> 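First the structure, then my questions, so here it is.
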Amino acid sequence: MKKIRMGLMAIAALSGVGSAFAFSPKPQATTYYARQTAGNGFHWTKTVPNPNTAQCLTVTSRICQISTNTAPSDNQIPAGHTATDRVFVTL
């Protein structure tokens, strides 16, 4: 009887440790907004644009917002995201 109980305890311990490492949560994606800069450029910001001072308007080869786990570089649309020819423009 003691051997059976020890065996069950060992199985329980192993399954508990195994499940702790079986699933690792994905990091939360962050939303970034493209704001037009002087000339033809744009920069990414985590700040939600104020609709009273900025709108998502048509500008060539841009995208208004993305959700990604990696911070994007200014003037570049990260891989996996498609340009929508729109960017937040100051009114």
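Since the structure is predicted, the reported quantities are computational estimates derived from the model, not experimental observations.
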> Minimum heavy-atom separation for I66 to P78, with atom names?
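Nearest pair, atom of I66 first, then P78: CD1-CG, 3.6 Å.
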
> Report yes or no: does D74 contribute a side-chain atom to a donor-acceptor pair with the main-chain N or O of W44 at less than 3.5 Å?
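Yes, the answer is positive, given that a donor and an acceptor are paired below the 3.5 Å cut-off.
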
> Starting from the C-alpha separation in whole Å, work towards a yes-or-no answer on side-chain contact (heavy atoms from CB on, under 4.5 Å) for V48 and Q65.
CA-CA 10 Å; V48 179; Q65 70 184 49; over 6 Å; no

> Can you tell me how far apart CG (D85) and OG1 (T58) are? Round to the nearest 0.5 Å.
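Going from the CG atom of D85 to the OG1 atom of T58 covers 7.5 Å.
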
> Same hydrophobic cluster for V89 and Y33, using side-chain heavy-atom links shorter than 4.5 Å among ILVMFWY?
no

> Tell me, please, which residues at least two apart from T30 pass side chain to side chain donor-acceptor pair (under 3.5 Å).
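Not a single residue meets the side chain to side chain donor-acceptor pair (under 3.5 Å) criterion with T30.
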
> State, yes or no, whether a side-chain contact exists between Q36 and F88 at a heavy-atom distance under 4.5 Å.
no

> List the atom of T84, the atom of C64, and the distance in Å for their closest heavy-atom pair.
OG1-N, 4.0 Å

> Got a sec, which residues hit side-chain contact (heavy atoms from CB on, under 4.5 Å) with T47, two or more places apart in sequence or on another chain?
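Counting only residues at least two positions away or on another chain, T47 forms a side-chain contact (heavy atoms from CB on, under 4.5 Å) with T45.
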
> With sequence neighbours left out, write down each residue that passes side-chain contact (heavy atoms from CB on, under 4.5 Å) with T70, or none if nothing qualifies.
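If we apply the side-chain contact (heavy atoms from CB on, under 4.5 Å) test to T70, skipping adjacent residues, the hits are T68.
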
> Among residues at least two apart in sequence or on other chains, which ones pass side-chain contact (heavy atoms from CB on, under 4.5 Å) with T82?
none

> Give me the atom names and distance for the closest heavy-atom approach of A34 to V87.
O-CG2, 3.3 Å

> Tell me, please, which residues at least two apart from N75 pass side-chain contact (heavy atoms from CB on, under 4.5 Å).
F42

> Could you work out, with side chain to side chain donor-acceptor pair (under 3.5 Å) as the rule, every residue matching S73, not counting sequence neighbours?
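Side chain to side chain donor-acceptor pair (under 3.5 Å) list for S73, sorted by chain: empty.
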
> Distance-only, no hydrogens or angles: does the R86 side chain make a donor-acceptor pair with backbone N or O of C56 under 3.5 Å?
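It does hold such a pair.
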
> Return the minimal non-hydrogen interatomic distance between H81 and S67, and the atom names on each side.
CE1-O, 3.4 Å

> Establish whether I63 and L57 are linked, either directly or via other cluster members, by ILVMFWY side-chain heavy-atom contacts under 4.5 Å.
yes

